[in-house]
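Order of the sequence lines fixes the chain letters, A, B, ..., with proteins taken first and strands second; residue numbering starts at 1 for each chain.
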4 protein chains.
Amino acid sequence: MGKREDNAIATRQSLIEAADHLIVQKGYENISVDDIVKTSGIAKGTFYNYFERKEDLIFELSKEHFAKLNTQTILSEQDDPIIIIKKYLIDFMSVIFNSKIELARQWVRYISFSETNSNKWQFDVQSFEQLLMKLIDADKLKVNTPVHQLAQLFLTEMYGVIFTWCISPKTVDPIATVKRFCDLQLSALLQPYLINA
Amino acid sequence: MGKREDNAIATRQSLIEAADHLIVQKGYENISVDDIVKTSGIAKGTFYNYFERKEDLIFELSKEHFAKLNTQTILSEQDDPIIIIKKYLIDFMSVIFNSKIELARQWVRYISFSETNSNKWQFDVQSFEQLLMKLIDADKLKVNTPVHQLAQLFLTEMYGVIFTWCISPKTVDPIATVKRFCDLQLSALLQPYLINA
Amino acid sequence: MGKREDNAIATRQSLIEAADHLIVQKGYENISVDDIVKTSGIAKGTFYNYFERKEDLIFELSKEHFAKLNTQTILSEQDDPIIIIKKYLIDFMSVIFNSKIELARQWVRYISFSETNSNKWQFDVQSFEQLLMKLIDADKLKVNTPVHQLAQLFLTEMYGVIFTWCISPKTVDPIATVKRFCDLQLSALLQPYLINA
Amino acid sequence: MGKREDNAIATRQSLIEAADHLIVQKGYENISVDDIVKTSGIAKGTFYNYFERKEDLIFELSKEHFAKLNTQTILSEQDDPIIIIKKYLIDFMSVIFNSKIELARQWVRYISFSETNSNKWQFDVQSFEQLLMKLIDADKLKVNTPVHQLAQLFLTEMYGVIFTWCISPKTVDPIATVKRFCDLQLSALLQPYLINA
DNA sequence: TATGAATGAGTCTTCATTCAT
DNA sequence: AATGAATGAAGACTCATTCAT
């Protein structure tokens, strides 16, 4: 409501943005509260009015941060489910590819840090499951499609591409790899579950 | 005659083992030289007789770990190339699975840190290429098999499995995932290149 | 209203004073941040709120010391330029002599460390040049007096005295040496440029 | 006698030379026993067979080191004592000037470190006293010449020149300064003690 | 005598967190 | 709610010295 609340929200946002900015430059492990408050121009004490511990901001951040990497599930009006899925996967990879590789690396490092960071993975699997379920609802896939299994399988491939890209950006082209994956395997994998119009 | 030399080697080994032990418990970033020397019962100064900086030990460790994670390419006397490949991939994953998950996590974090660590990936791809070439030589695959492409594809999947396992060990079962991958996709992918006896 | 600011200034001053005190006792190279904070009763971390590195405090100190060592050029109402100059040189030396010898030593070591510390020397030469020029203006020295040359000559002698005093305080008496220098050489050196009333 | 003794002397010398070499590069305070033994290729333990403590070598070194800066008192067959003295002083300064300025700086820093290092100064004063006494013996100076006083006075000037050269090598030309000093003051100072042939 | 591994006190520096203003 | 000075534990690294071989 009031101006005060707005200011408070703005302050909080400043801190998050500063941290976000710093993470890309220095990596998760190497940002200090000092860095954050200096970058945001906010007093150190103020930081602790908003976050009980540094970790809290990091957690907050991961939500903000990886939201950027989330694909919008837009079910195109396309007919062919294979093309729909291919588009989805390419979009998914594009979002990551278009971010800087450093961001992707930080993400890999962060996400593999501990089980508490598995949200993104869970979320991605669920999103893909939803896509498949929409396709089922739209009578484009059979009701017995093993939604969860396929989602895991596809996402595993996606994560593998991201990972190997981080490892060897010169020899791995993420988008091309996804395209190849789709062309080589998609129809084979989905064949049993397709409903032919 | 090498009592002193033996002791020296033992000391060095103690340090490495202590570090190795601690990494599994606390993770890469959270082990201190103090921890290491206390665990190994060696004086702090001694540490620096063996490693110029803490990083050097970490590097040393990574090398050991990488070595551990290398699969022996043993071409079994099996007939069916699909079974041979499946066995190879399962062996590959078993080596990693049998190491502690913390070790795998450290490896993921380390390997994704920068391009300079891409050797393992290159090595793994090459190893798999060699397997495929052996199969070609043994007249089990056609000579036009796209060796490099397939190797990248399979290894990407493997790396994806490792990665997602690190992220979400409770929902991902690496060995089962590899088996499922093989069952669902191997024959489809290799079909065009199989030579039927 | 500046209670906090006042405290901060006091803290900073405590640190400087503690360091100053320690330097006299132990010498430049032998004081540690630990010593300083223990002496001043301030927490170690606080030190680094005020000085980015130990060196910075040392530099700060040098500035203070240099300031202390600067002689006030007060042109006395004396008639005889020789007496005026003698007084000036004795004053100059007294300032240094009255500081502890350790301080002088630190100064010698600091100032000779590199060219970047040559300000004090330049400043001293200029100050003496100004004295001579005032004497010219007051019609006590001829206008063709080689101001710069004489200034360098005299100051070289002064610096030599300080240096040898630091080396051998038992055999060198700085004030007496300056007096002797004046008595033996001043009239001879200035003779050509004196204006007799 | 034996080979053993020779070796021992050689080892000792190696250590001194290595330290000597390092001092010019890194300064008195910054050389470590480690540096010394690495440079000389001798084992660390061996160092302590020759010197009880690091300081002992430093002391040893100062003797060797500054011996280099000692002028050979060669009484030329010149007639005029003023010219003889001038030549001596210029030689004195040349030795220092011809060494690198860094060496001179180290020397200034070292020599001013504490009273224990006053040998060089004492030695220089005595050498000059000897010169003056030779001139008295040769009937070129009167027997009532204040040998010690003049020696101190001249050497103070010399040390002043060295010191200011270290401080401001760009504005101070040691040799020229000595020449100027001699030309301006030598005859005036010696006048009372000259014996005219 | 020569060796070099072992030692541990000591050094600088960082940083998350607290708290009086 | 905002501030920023104060804190002290913890970290990496150095180095003169000892001592068993």
Inset, instruction - Would you sort out whether Ser40(B) and Glu17(B) count as a side-chain contact (heavy atoms from CB on, under 4.5 Å), showing the intermediate values? - result: CA-CA 8 Å; Ser40(B) 58; Glu17(B) 274 164 24; over 6 Å; no
Rounded off to whole Å, could you give me the [atom1]-to-[atom2] distance for the [X] and [N] pair?
X: Asp6(B); N: dA6(E); atom1: CG; atom2: C1'; result: 16 Å
X: Asp56(D); N: dA16(F); atom1: CG; atom2: P; result: 13 Å
X: Leu57(C); N: dT13(E); atom1: CG; atom2: P; result: 11 Å
X: Phe47(D); N: dA5(E); atom1: CZ; atom2: C1'; result: 18 Å
X: Ile31(C); N: dG10(E); atom1: CD1; atom2: P; result: 17 Å
X: Asp35(C); N: dT11(E); atom1: CG; atom2: C1'; result: 10 Å
X: Lys38(D); N: dG4(E); atom1: NZ; atom2: C1'; result: 12 Å
X: Asp34(C); N: dG10(E); atom1: CG; atom2: P; result: 9 Å

Inset, instruction - May I ask you to evaluate whether Lys54(D) reaches the phosphate of dA16(F), defined as a side-chain N or O under 4.0 Å from OP1 or OP2? - result: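 Lys54(D) to dA16(F) OP1/OP2: side-chain N or O found under 4.0 Å.
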Inset, instruction - Kindly say if Tyr48(A) contacts the phosphate of dT17(E), meaning a side-chain N or O under 4.0 Å from OP1 or OP2. - result: yes
Regarding [X], tell me which of base, sugar-phosphate or nothing describes its non-hydrogen contacts under 4.0 Å with the strands shown.
X: Ile36(D); answer: nothing
X: Thr46(C); answer: base
X: Tyr50(C); answer: sugar-phosphate

Inset, instruction - Would you check, one step at a time, whether the test salt bridge (Lys or Arg N to Asp or Glu O under 4.0 Å) holds for Arg12(C) with Glu60(C)? - result: CA-CA 11 Å; Arg12(C) 188 191 167 86; Glu60(C) 198 76 3; 2.7 Å; yes
To the nearest 0.5 Å, how far apart are [atom1] in [X] and [atom2] in [Y]?
X: Arg53(D); Y: Phe47(D); atom1: CZ; atom2: CZ; result: 10.5 Å
X: Asp56(D); Y: Tyr48(D); atom1: CG; atom2: OH; result: 10.0 Å
X: Ile58(D); Y: Ile23(D); atom1: CD1; atom2: CD1; result: 5.0 Å
X: Thr39(C); Y: Asp20(C); atom1: OG1; atom2: CG; result: 11.5 Å
X: Ile36(A); Y: Leu22(A); atom1: CD1; atom2: CG; result: 6.5 Å
X: His21(A); Y: Ile16(A); atom1: NE2; atom2: CD1; result: 15.5 Å

Legend entry - Contact nearer the 5' end of DNA chain F, comparing Arg53(D) with Arg53(B):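 Counting from the 5' end, the first nearest nucleotide belongs to Arg53(B).
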Legend entry - Asn30(D) vs Asn7(C), nearer the 5' end of DNA chain F by closest nucleotide: Asn7(C)
Legend entry - Close side-chain approach of Thr46(B) and Val37(B), heavy atoms under 4.5 Å: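 No, too far: nothing below the 4.5 Å cut-off.
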Legend entry - Polar pair under 3.5 Å, donor/acceptor by atom type, side chain Lys44(D), base dT3(E): no
Legend entry - N/O donor-acceptor pair, side chain Asn49(B) with base dA6(E), under 3.5 angstrom: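 In this structure, the two groups form a donor-acceptor pair.
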Inset, instruction - Between dT17(E), dT11(E), dT3(E), spot the one nearest the side chain of Ser32(C), thanks. - result: dT11(E)
Legend entry - Proximity to the side chain of Ala43(A) - top-ranked nucleotide from dT3(F), dA16(E), dA12(F): dT3(F)
Legend entry - side-chain contact (heavy atoms from CB on, under 4.5 Å) between Phe51(B) and Leu15(B), worked out: CA-CA 10 Å; Phe51(B) 305 98; Leu15(B) 290 169; 4.1 Å; yes
Legend entry - Ala8(B) vs Glu52(C), nearer the 5' end of DNA chain E by closest nucleotide: Ala8(B)
Inset, instruction - Please figure out whether Ile42(D) or Gly45(B) has its closest DNA chain E nucleotide nearer the 5' end. - result: Ile42(D)
Legend entry - DNA chain E contacts made by residues 11-18 of chain B, counting heavy atoms under 4.0 Å: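 Contacting residues: Thr11(B).
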Legend entry - Stem list, DNA chain F (Watson-Crick or G-U pairing under 3.5 Å, at least 3 consecutive pairs): E:2-21 with F:2-21
Legend entry - CA sep, side-chain torsions, deciding dist, call: Asp34(A), Lys38(A), side-chain contact (heavy atoms from CB on, under 4.5 Å): CA-CA 6 Å; Asp34(A) 241 272; Lys38(A) 254 174 214 152; 3.3 Å; yes
